[in-house]
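To start, the structure itself, in structure tokens.
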Amino acid sequence: MYKYLLCWRYLRTRYIALASIISVTLGVATMIVVNSVMSGFTTEMMDRMRGIMSDMTFDAQSLEGFADSDWHMNEIRRVAGDQIEGLTPTVHVPAMLSYSFRGQTINKQILLIGIDETTHANVSDFAKYLQHPANRNQLGFALHEGGYDTVDHLAPDNAVPRPDLEHAGWEYRRVRARIDAEEDKQIEAAQARARAAQGKIDAGPEDPFSKSPDANKITPFNAAENQHTGIIVGKGLISAFKADENTDRFLIIPGDDAQITVPSAGRQPKGISGAFTVVDVYESKMSEYDSSFVFVPLRKLQEMRGMIDPTTDVGNVTSIQIKLKEGADLDTVRDKLRAAFPSGLFRIDTWRDKQSPLLAAVQMEKAVLNILLFLIIAVAGFGILAIFFMIVVEKTRDIGVLKSLGASRRGIMGIFLSYGLSLGMVGAGAGMVLGLLFVHYINEIRDVLEWVSGQKVFDPSIYYFFKIPTMVEPLTVTWVVLGALAIAVLASILPAQRAARLHPVEALRHE
């Protein structure tokens, strides 16, 4: 009993031990917060990647793709059994997007993806990231009258306004067509005046259709009444954030036309261009995708590239996106498909395989941070070691008295070990409570820091998420607390051994 009484007395009266307790508290709290935030980031990022990419991809090794996608999808179902939930064919090809903004032509490298609007939404969360509600319900490539989201529908309370989308759609396209028509008339009039001033008025070029018997059937494309084939463009390709206005400004919006240039299929590919109309905007909050993805109807892309067999009227595809049922083992299904299809023609990967460098980097960063932060607790352990050696020196005579009264070596050693365990329990317990509270209110704390500093502590445009994601893992918290306790006890072993080895007579002669 005397061991616990002395521990309690030292814990209450030796305020120098408070420094060690604070070090343990801060170390434990910091490790809990960092691990919770890193786990939240990793989980949210993995969920978003999985939703964007589908569970697995069945890719051709060549941009020419492969024929008869229906047969390949049936074979995939046969090999994978009842683990398949959905399949959809796609064509992925590098391309160039061109559009005009304030009289300048802007060219951007893109990944053009041809999708089947009837099945693509079944294998990914693609539709969730579109800005028109109708397309989220039923994916399509038709331009809508209006109703595009002027704030982010996924996080409306924290969204940056998008006033440019307020009148997007057919309303904007009709107005823009009238303005373009007036500008064309003004340009033609100016050119006519210039020719008249030079005395070079002529009848102009002969109309190539004037002598055609079907000339009255030819109707030129009218932008105010028609649209080109629709495309869905990643937000990062056509927008910019204006910090002074705190708004997202769009260079082009749904209703504008753009040009896309793709390489043709065949042994000698050449660039083929076509006019398209932007019908919606894609925003997944993953800048890698939002700044490169453009979606187009699958059939249109196959026609542009010459991927359709004229005898069968069936087009090649470059990829099949696969969604597995909940609980299915990705690696097992992948290995079965790899064994069934030749690796020289097809590449079969899970979403983890495709993002393995990024996931490995995140795990490495988490491991390094844990090592560095655990050193804080180790420093606290050295503080406990120094404090206990000082106590042994100060209390040498008291230790001699205890031994002369019958205290055993084990009892003396137990006093210091119990004292170290008590420091560890108080520090680790306080750190656990502080860390969990910080994690629970981390977004409120972020808001306060941003209000005080006037600077964004957590910029959603950089970190993909509007709120700091957190996920508390009980096992991780347990290991952090137990590690702190272990360091506190280990730091008290050497001082406890030194006190236990003191001879009673020598200890009493100390003063």
Side-chain angles (χ1 to χ4, degrees), residues 42-94 111-129 139 232 234 282 284-286 288-290 292-296 298 301-302 307 315-363:
T42 303
T43 302
E44 289 287 339
M45 185 175 63
M46 289 169 63
D47 289 344
R48 188 162 294 180
M49 286 179 180
R50 187 171 185 176
I52 294 170
M53 301 177 63
S54 75
D55 293 336
M56 193 174 300
T57 58
F58 181 93
D59 298 318
Q61 294 284 10
S62 170
L63 287 178
E64 307 305 312
F66 52 89
D68 201 351
S69 58
D70 289 338
W71 180 87
H72 286 84
M73 288 191 289
N74 289 332
E75 282 296 298
I76 291 173
R77 288 190 179 93
R78 183 185 64 81
V79 173
D82 58 353
Q83 294 181 304
I84 302 294
E85 182 171 327
L87 297 166
T88 187
T90 60
V91 172
H92 294 68
V93 61
L111 178 64
L112 187 61
I113 305 175
I115 61 175
D116 180 1
E117 55 263 44
T118 61
T119 60
H120 191 76
N122 298 331
V123 301
S124 70
D125 293 334
F126 169 77
K128 183 172 69 174
Y129 303 121
L139 178 60
I232 298 172
Y282 172 83
S284 66
K285 299 297 186 300
M286 301 289 286
E288 177 185 355
Y289 307 128
D290 294 344
S292 61
F293 284 0
V294 174
F295 300 89
V296 66
L298 176 62
L301 183 53
Q302 290 172 329
M307 301 177 72
N316 286 14
V317 300
T318 62
S319 177
I320 294 175
Q321 308 295 309
I322 306 171
K323 182 177 179 61
L324 303 182
K325 291 183 178 179
E326 192 69 28
D329 190 328
L330 292 176
D331 294 339
T332 301
V333 175
R334 177 200 61 193
D335 294 341
K336 287 182 179 179
L337 293 177
R338 285 180 176 178
F341 294 92
S343 59
L345 298 177
F346 304 102
R347 184 176 66 253
I348 303 168
D349 297 307
T350 66
W351 69 272
R352 287 180 178 274
D353 296 331
K354 287 184 172 291
Q355 295 296 330
S356 57
L358 177 60
L359 296 177
V362 171
Q363 291 299 324

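Computed over heavy atoms, backbone and side chain alike; hydrogens, waters and symmetry mates excluded.
- Within the model, atoms CZ of Phe293 and OG of Ser284 stand 7.5 Å from one another, a figure rounded to the nearest 0.5 Å.
- When the salt bridge (charged side-chain N to carboxylate O under 4.0 Å, His left out) test is applied to Asp331, the partners found at least two apart in sequence or on another chain are Arg334.
- Side-chain contact between Thr57 and Gln321: present, with at least one pair of heavy atoms (C-beta onward) separated by less than 4.5 Å.
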Starting from the C-alpha separation in whole Å, work towards a yes-or-no answer on side chain to side chain contact (heavy atoms under 4.5 Å, CB included) for Ile320 and His72. CA-CA 9 Å; Ile320 294 175; His72 286 84; 3.8 Å; yes
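- Two residues are said to be in side-chain contact when any heavy atoms from C-beta on lie closer than 4.5 Å; Val296 and Ile113 fail this criterion.
- Between Ile322 and Ser54, every side-chain heavy-atom pair lies at or beyond the 4.5 Å cut-off.
- A distance-only check finds no donor-acceptor pair linking the side chain of Ser62 to the backbone of Gly65 [under 3.5 Å].
- Phe66 has its side chain within reach of Phe58: a pair of non-hydrogen atoms, C-beta onward, lies under 4.5 Å apart.
- The aromatic rings of His120 and Phe295 lie tilted to each other, with the angle between the two planes from 30° to 60°.
- Val93 and Leu63 get closest at one heavy-atom pair: CA-CD2, 4.5 Å.
- Atoms CG and CG, from Leu112 and Leu301 in turn, are 5.0 Å apart once rounded to the nearest 0.5 Å.
- In this structure, Leu87 and Arg77 approach most closely via the heavy-atom pair CD1-CZ, 3.5 Å.
- Contact of the Leu111 side chain with the Val294 side chain is not registered, since no non-hydrogen atoms from C-beta on lie closer than 4.5 Å.
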Let me see the working for Leu324 and Val333 under side chain to side chain contact (heavy atoms under 4.5 Å, CB included), right down to the final yes or no. CA-CA 9 Å; Leu324 303 182; Val333 175; 4.0 Å; yes
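- Contact of the Ile76 side chain with the Ile84 side chain is registered, since non-hydrogen atoms from C-beta on lie closer than 4.5 Å.
- Residues Tyr289 and Tyr282 place their aromatic rings such that the two centres sit no closer than 6.0 Å.
- Scanning all heavy atoms of the two residues, the minimum distance from Asp329 to Gln83 falls at N-NE2, 4.2 Å.
- For the pair Lys325 and Asp55, the salt-bridge criterion is not met [side-chain N within less than 4.0 Å of a carboxylate O].
- Taking the side chain as every heavy atom from C-beta outward, Asp59 and Lys354 approach each other to under 4.5 Å.
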If you look only at distance, which donor and acceptor atoms sit under 3.5 Å apart when one is on a side chain in residues 337-347 and the other is two or more places apart or in another chain?
{"from": "Arg338", "atom 1": "NE", "to": "Ile348", "atom 2": "O", "distance (Å)": "2.9"}
{"from": "Arg338", "atom 1": "NH2", "to": "Ile348", "atom 2": "O", "distance (Å)": "2.9"}
{"from": "Arg338", "atom 1": "NH2", "to": "Asp349", "atom 2": "OD1", "distance (Å)": "2.9"}
{"from": "Arg347", "atom 1": "NH1", "to": "Gln61", "atom 2": "OE1", "distance (Å)": "3.4"}

Show your reasoning for whether side chain to side chain donor-acceptor pair (under 3.5 Å) applies to Asn122 and Thr119. CA-CA 5 Å; Asn122 298 331; Thr119 60; 5.7 Å; no
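- Side-chain contact annotation: Asp116 with Thr88, donor-acceptor N/O pair under 3.5 Å absent.
- The CZ atom of Arg78 lies 10.0 Å from the CG atom of Asn74; values are rounded to the nearest 0.5 Å.
- Judged by distance alone, the side chain of Asp125 and the main-chain N or O of Lys128 form no donor-acceptor pair under 3.5 Å.
- With rounding to the nearest 0.5 Å, the separation of OG1 in Thr318 from CD in Glu64 is 10.5 Å.
- Scanning for ring-ring contact (aromatic ring centres under 6.0 Å, His included) contacts around His92 gives an empty result, with sequence neighbours left out.
- Looking at heavy atoms from C-beta onward, Ile115 lies in side-chain contact with Leu139 at the 4.5 angstrom threshold.
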